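Report on the structure given below.
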Amino acid sequence: MTDYNELTPYKDAINQCVRCGACQAHCPVYDQARQEGAVARGKLALAKALLEESVTIDSRLEEDVSLCLMCGSCVVKCPNKVPTDKIVGAMRREISNRKGLSLTGKTVAALTGHPPLLKALVKTADVLSPVLFKKVPQTSGLRLRFPVSGHAQRTLPAVASKNLFTELPEFIQGRPDKPVVGLFAGCAITYIYPKIGVAMASLLNHLGYSVFTPRTQGCCGIPARSTGDTKLIEQLNRTNLEAFKAHEVAYIITGCASCHSGIGETDPNSTEEQADFAGKVREIHQFLYQEGLADTLAALPTTKERTRITYHDPCHLKTKGIINEPRALLQSLPNTHYEEMENSDLCCGLGGSFSAHHYAYSKAIGQRKVAGIKASKAELLATACPGCMLQLQDSINHAMLNVQTIHILELISKALALDQKWK
């Protein structure tokens with residue numbers, strides 16, 4: 001037996017699985033793979049075997065464990081609420097601890113564990129994108145195809161010329177009667193969609209809050225969890241704890257559903273300091289709704305012409321019950337018509353590193369969204385997660401729909417015509 005098994009804290013939870021199969025009907029990966037190892041009860045059987053060391057870690061086991069989006073859909077439907085997503089994360093850490101990181105894991109570690117390298121690569125991609133990437137039609141929403149083996153059909157957004165930290169002061173002063181809030185940006189908002197981060201800061205400051213966006217913050221850790229990188233998870237936890245110590249913040253606000261999960265959840269090994277940090281984390285749409293912003297938006301003047309919009313539920317919000325608040329804000333927007341689309345709560349197929357490791361599955365899962373998007377006749381597909389935006393736009397592009405993904409915060413910021421006083 002090894003000295004420590006990552007699955008040990010989950011022993012009782014693993015034994016709570018009664019193999020009823022309720023998870024099977026709701027697993028997006030099983031819907032494509034149709035094999036027992038892809039569904040939650042199959043994963044839990046493997047987890048028990050790994051814990052008892054009655055199975056050898058071979059390529060088949062590693063493949064089965066990799067076939068999971070960690071979306072949490074199975075947890076919501078499980079009668080015993082077995083936390084399969086967290087157990088899969090523990091399985092991946094155990095495998096990595098014993099056998100070392102996979103190539104995908106090493107790539108994730110190199111990028112998310114070293115912000116200067118990530119920043120340099122993004123800047124290089126901005127300069128070299130005309131050479132490295134194949135253009136796709138402008139009407140498709142995204143403009144670039146990815147030139148990596150197995151990903152030739154993937155489309156990506158044009159790289160932002162400036163990252164969020166060059167667009168935003170580290171501290172923005174608010175009203176004296178309002179506390180300081182921390183803005184947790186995450187990798188996608190910082191380097192791919194900085195305008196979302198600018199909208200976050202603008203809205204929070206508009207409500208009177210001072211906004212602290214520490215330059216030393218790092219990745220939320222979701223990619224590291226997805227690849228099972230224990231050391232990187234611990235490193236990023238320390239980095240983010242230290243980053244937000246420079247100011248006493250009442251809350252730490254996230255505009256990315258994945259980041260909300262990454263920094264807002266604890267595990268059996270979390271310290272008291274990590275638990276306190278996680279306790280301050282707030283999802284911005286829920287926060288804005290509680291601040292009465294839906295009423296403010298509803299009171300704005302409207303025009304006859306309205307843009308038709310619909311909404312996709314990110315898994316990391318849906319599984320936490322954050323469903324109504326994003327919709328309430330969208331439905332309150334002036335000059336828009338909201339249309340609920342069919343299967344709005346289906347997973348988009350991104351799943352952290354899953355999309356990098358299993359693009360064919362990821363693409364097929366994403367295509368399940370297309371019929372609902374098309375039937376809604378929406379011009380804009382809004383969501384609350386930049387990762388979902390990237391994945392959904394790829395699905396839209398392949399379906400040749402004239403629809404653009406957008407973050408809810410961009411729509412709200414535009415409706416309020418916010419003046420960025422710090423510029």
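Predicted model, so just to flag it, every value in this text is computed and none were measured. Any value given below was found using the heavy atoms of this structure, including those in side chains, with hydrogens, waters and symmetry copies removed.
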Any sub-3.5 Å donor-acceptor pair from S210's side-chain atoms to G174's backbone N or O?
yes
If a pair satisfies salt bridge (Lys or Arg N to Asp or Glu O under 4.0 Å) and one of its residues is in residues 375-389, list it, with sequence neighbours excluded.
none
Compare all side-chain heavy atoms of I14 with those of V82 and state whether any distance is below 4.5 angstrom.
no
Kindly compute the distance separating CD (Q331) from CG (L329), expressed to the nearest 0.5 Å.
9.5 Å
Are T336 and L411 side-chain neighbours, meaning at least one heavy-atom pair lies under 4.5 Å?
no
Is the CZ atom of F171 crowded by more than 12 outside heavy atoms at less than 6.0 Å?
yes
Rounded to the nearest 0.5 Å, what separation is found between the OH atom of Y338 and the OG1 atom of T310?
5.0 Å
Shortest non-hydrogen pair, V39 vs C23, comes out as CG2-SG, 3.8 Å
Assess the residue pair R93 and T227 against the criterion (side chain to side chain donor-acceptor pair (under 3.5 Å)); give the C-alpha distance rounded to whole Å, side-chain angles, the decisive distance to 0.1 Å, and a yes or no.
CA-CA 7 Å; R93 292 194 299 276; T227 59; over 6 Å; no
Heavy atoms of other groups near E339 CD, more than 12 under 6.0 Å
yes
Where at least one partner belongs to residues 216-232, residue pairs that pass salt bridge (Lys or Arg N to Asp or Glu O under 4.0 Å), sequence neighbours excluded:
R225-E265
Does the side chain of L241 reach to within under 4.5 Å of the side chain of Q274, using non-hydrogen atoms?
yes
Can you tell me how far SG of C347 sits from CZ of F354, rounded to the nearest 0.5 angstrom?
8.5 Å
Backbone N or O of L67 within a donor-acceptor pair of the K43 side chain at under 3.5 Å?
yes
Between H407 and G255 (side chain of the first, backbone of the second, donor and acceptor by atom type, cut-off under 3.5 Å), is there such a pair?
yes
To the closest 0.5 Å, what do you measure between CD1 (I95) and CG (L50)?
5.5 Å
Any chance the side chains of H337 and T307 put a donor and an acceptor closer than 3.5 Å?
no
Closest approach of P334 to P301 (non-hydrogen atoms, all atoms of both residues):
CB-O, 3.5 Å
Please tabulate, one pair per line, all N/O donor-acceptor pairs under 3.5 Å involving side-chain atoms of residues 380-392, not counting sequence neighbours.
| from | atom 1 | to | atom 2 | distance (Å) |
| --- | --- | --- | --- | --- |
| T383 | OG1 | H312 | O | 3.0 |
| Q391 | NE2 | C348 | O | 3.2 |
| Q391 | NE2 | S362 | O | 3.1 |
| Q391 | NE2 | S362 | OG | 2.8 |

Do N97 and E6 get their side chains close enough for a donor-acceptor pair, meaning under 3.5 Å?
yes
Heavy atoms of other groups near K280 NZ, more than 12 under 6.0 Å:
yes
Can any side-chain N or O of K81 pair as donor or acceptor with the backbone N or O of C78 at less than 3.5 Å?
yes
So, do Q32 and Y30 sit near enough that their side-chain heavy atoms are less than 4.5 Å apart?
no
Please, which pairs that meet salt bridge (Lys or Arg N to Asp or Glu O under 4.0 Å) have at least one residue in residues 405-416, sequence neighbours excluded?
K195-E410
Under the side-chain hydrogen bond (donor to acceptor under 3.5 Å, both in side chains) rule, collect the residues that match up with R175, sequence neighbours excluded.
D177
E167 and N163 side chains, donor-acceptor separation under 3.5 Å
no
Does Y289, at its OH atom, have more than 12 non-hydrogen atoms belonging to other residues, nucleotides or ligands within less than 6.0 Å?
no
Measuring from N269:CG to T8:OG1, what's the distance to the nearest 0.5 Å?
9.5 Å
Report yes if the side chains of E170 and T213 come closer than 4.5 Å at any heavy-atom pair, otherwise no.
no
Beyond-backbone contact of I412 with L418, side-chain heavy atoms, under 4.5 angstrom:
no
Identify whether the distance between the nearest side-chain nitrogen and carboxylate oxygen of D313 and R327 falls below 4.0 Å.
yes
Hey, are Y209 and E291 close enough side-chain-wise for a donor-acceptor pair under 3.5 Å?
yes
Do you see a donor-acceptor pair shorter than 3.5 Å between the side chains of Y359 and D394?
yes
Would you check if there is a donor-acceptor pair between the side chains of S344 and E340 at a distance under 3.5 Å?
yes
Counting C-beta onward and ignoring hydrogens, is there a side-chain heavy-atom pair between L409 and L288 closer than 4.5 Å?
yes
Residues in ring pair (Phe, Tyr, Trp, His ring centres under 6.0 Å) with Y10, at least two apart?
none
Can you tell me how far apart OG (S376) and CG (N343) are? Round to the nearest 0.5 Å.
12.0 Å
Does a side chain donor of either N335 or T303 reach within less than 3.5 Å of an acceptor in the other side chain?
yes
Short question: side chain of R92, backbone of V65 - any donor-acceptor pair under 3.5 Å?
yes
Close side-chain approach of L317 to E283, heavy-atom, < 4.5 Å
yes
When the ring centroid of H285 is compared with that of H260, is the distance short of 6.0 Å?
no
Counting distance only, does the side-chain N/O of D31 pair as donor-acceptor with the main-chain N or O of C27 below 3.5 Å?
no
